[in-house]
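Structure first, then comments.
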Amino acid sequence: MAGPALMLFNTMGRRKEPFMPLEAGRVGMYTCGPTVYNYAHIGNLRTYIFEDLLRRTLEYNGFAVRHVMNITDVGHLTSDADTGEDKMEEGARREGRSIWEIAAFYTEAFRRDIARLNILPPAVWCRATDHIAEQIELVRRLEEKGYAYRLPDGVYFDTSRFPDYGRLAMLDVEGLMAGARVRPVEGKRSPADFALWKLTPPGVKRQMEWDSPWGRGFPGWHIECSAMAMKYLGETFDIHAGGVDHINVHHTNEIAQAECATGKKFVRYWLHGEFLVMEKDKMSKSAGNFVTLQTLIDRGFDPLDYRYLCLTAHYRSQLVFRWESLEAARSARRSLLERIHGPGAAGVEAPEAAAAAAGSAAGGRAGADAGREAVRGDGEVPVRGDRAERYAARFLEAVNDDLNIPAALAVAWELARDSGIPAGGKKRLLLDFDRVFGLRLDIPPQEEPGAEIPAGVKELADRREEARRSRNWKEADALRAEIAKLGYRVEDTPSGPRISRV
Ligand code: AMP
Ligand code: ZN
């Protein structure tokens with residue numbers, strides 16, 4: 001029996017629509033990945049968490065998802081348009097390393113970040129530089145069909161030839177022109193036209209450049225996504241997602257390139273996540289406005305505290321980052337874990353059984369089935385099965401209403417507090433919900449992956465120890481207070497200082 005239909009807000013048309021994949025039971029999904037010239041900041045990571053929630057919701061509904069993510073390692077210019085330096089070249093210069101080293105280093109850092117946030121890895125990771133031939137081929141097709149023109153510095157897409165241009169952004173070309181703040185490229189027929197292939201200027205040697213029918217150079221930024229998405233998912237596929245900043249230019253241009261080359265619809269559902277915004281002036285100076293996951297870890301947070309924080313806001317609303325909100329998320333996540341694993345819940349069943357129950361359920365009824373079975377299987381005070389079932393149904397209704405994760409989290413909390421449901425059944429149902437949340441609710445608090453003392457706290461404790469040794473009590477006390485602010489306690493024991501979580 002089917003649960004409530006999954007409704008998704010499609011940026012194309014700006015309305016919620018029932019989700020129906022092209023092929024029954026299967027979903028092709030492409031998400032724009034990072035430009036690997038620096039660490040991802042927590043704003044970028046919010047978008048990847050949103051996309052993970054989308055994928056998990058699809059899987060919870062029983063769909064097999066083929067998720068493709070690109071790694072941009074060439075062609076993304078600092079202006080986000082057709083002028084400025086390549087971000088990768090800039091990163092390499094900043095760090096005095098080759099572009100290839102920079103790309104490998106930050107790709108690895110990105111993979112580590114998403115693993116720490118319990119984001120499921122895509123089935124296909126594709127690097128732009130591994131798909132130069134596909135990109136050249138796509139540009140060639142566009143040129144052959146008359147959608148491209150050449151200028152001295154590259155090949156450009158002629159937006160006037162695509163009547164649908166700008167439909168995703170709901171901007172008319174006039175609007176796009178008015179909004180074009182970047183320095184125009186000389187000879188461009190319209191400010192909205194964009195580079196498909198850029199030529200290396202004469203006398204310049206780039207670290208990354210390739211031969212092409214138009215001369216030595218490198219691909220424009222947008223072409224990689226059209227080329228790789230179609231290679232791995234077909235010319236028309238189900239879902240494409242990214243941050244809202246990609247609507248006006250990047251995704252608008254991806255559509256133009258793909259649809260003009262194939263004459264077919266490129267993507268059926270476009271989903272965009274709103275931004276994480278920094279509270280101005282409240283951010284510590286040393287961190288500036290560039291906060292990474294490691295910054296949070298160094299301040300004593302578990303990456304999953306940040307994930308929890310992201311779950312408290314709907315993906316289409318802006319989220320203002322405040323340290324106090326992150327602290328509140330940390331407490332909430334911990335107390336949820338304690339409710340699940342604390343006295344009464346722990347020991348009712350083997351963890352393997354819970355994991356199996358969570359893992360075996362498939363389809364829209366997964367939650368309801370797990371709940372009912374849980375209540376019956378425990379042999380405790382009999383409760384009417386539909387009590388747990390109601391939670392499961394409300395959970396599914398929330399997530400299927402365009403990923404209303406905050407509402408789903410509220411259902412989970414209500415369930416966690418409900419004394420009318422046996423602990424074992426409750427745990428099983430919460431672990432089932434966690435297939436969407438991805439909060440690792442299966443790991444008891446003391447075994448949390450981030451439970452070890454963070455480097456930042458250790459460093460403060462070392463400095464305090466040094467201050468103590470030199471009898472600088474004032475400094476030692478100040479450092480102890482700083483450690484306490486991060487949620488840790490330092491005690492002086494005969495074998496040296498001992499740090500623990502408060
Ligand atoms: P980039 O590496 O610049 O291509 O960005 C990676 C992803 O992060 C893209 O999907 C952007 O839309 C998204 N993004 C950039 N800034 C933010 C932010 N402050 N909040 C949420 N997402 C963002
Ligand atoms: Zn893209």
About how many Å separate [atom2] of [Y] and [atom1] of [X], when rounded to the nearest 0.5 Å?
X	Y	atom1	atom2	answer
Ile239	Tyr269	CD1	OH	8.0 Å
Met170	Thr11	CE	OG1	9.5 Å
Leu403	Arg316	CG	CZ	10.0 Å
Glu274	Thr47	CD	OG1	9.0 Å
Thr31	Glu51	OG1	CD	4.5 Å

Can we say [X] and [Y] salt-bridge, meaning some charged N sits less than 4.0 Å from an Asp/Glu carboxylate O?
X	Y	answer
Glu17	Arg15	yes
Glu23	Arg26	yes
Asp302	Arg116	no
Lys485	Glu482	no
Arg322	Glu327	no

Under the side chain to side chain contact (heavy atoms under 4.5 Å, CB included) rule, collect the residues that match up with [X], sequence neighbours excluded.
X	result
Glu134	His131, Ala227, Lys231
Leu120	Asp52, Arg55, Arg56, Glu59
Arg111	Thr107, Glu108, Trp125
Asp462	none

Take Phe433 and Tyr60 through the ring-ring contact (aromatic ring centres under 6.0 Å, His included) test and state the conclusion after the steps. CA-CA 9 Å; Phe433 294 174; Tyr60 193 81; 7.4 Å; no
Which residues satisfy the salt bridge (Lys or Arg N to Asp or Glu O under 4.0 Å) test with Lys264, sequence neighbours excluded?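 Scan of Lys264 (salt bridge (Lys or Arg N to Asp or Glu O under 4.0 Å), adjacent residues dropped) gives Glu235.
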Mind running salt bridge (charged side-chain N to carboxylate O under 4.0 Å, His left out) on Asp305 and Arg334 for me, showing each step along the way? CA-CA 9 Å; Asp305 296 333; Arg334 278 200 207 150; 5.5 Å; no
With Phe437 via ring pair (Phe, Tyr, Trp, His ring centres under 6.0 Å) - residues at least two apart: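 Expected list: Phe395.
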Go through Asp238 and Arg268 one step at a time and tell me if the salt bridge (charged side-chain N to carboxylate O under 4.0 Å, His left out) criterion holds. CA-CA 5 Å; Asp238 297 304; Arg268 304 174 61 246; 2.7 Å; yes
Parallel, tilted or perpendicular, as decided by the 30° and 60° cut-offs, for the rings of [Y] and [X]:
X	Y	answer
Trp270	His240	parallel
His272	His251	tilted
Tyr106	Tyr39	perpendicular

How about Phe266 and Phe237: are their ring centroids closer than 6.0 Å?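 Yes, ring centres under 6.0 Å apart.
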Heavy-atom closest pair, residues Arg333 and Leu304: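 Smallest interatomic distance, heavy atoms only, reads CD-O, 3.5 Å.
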Can Arg330 be said to sit on top of Phe301's aromatic six-ring, NZ or CZ under 6.0 Å from centre and within 45° of the ring axis?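 Yes, Arg330 and Phe301 form such a contact.
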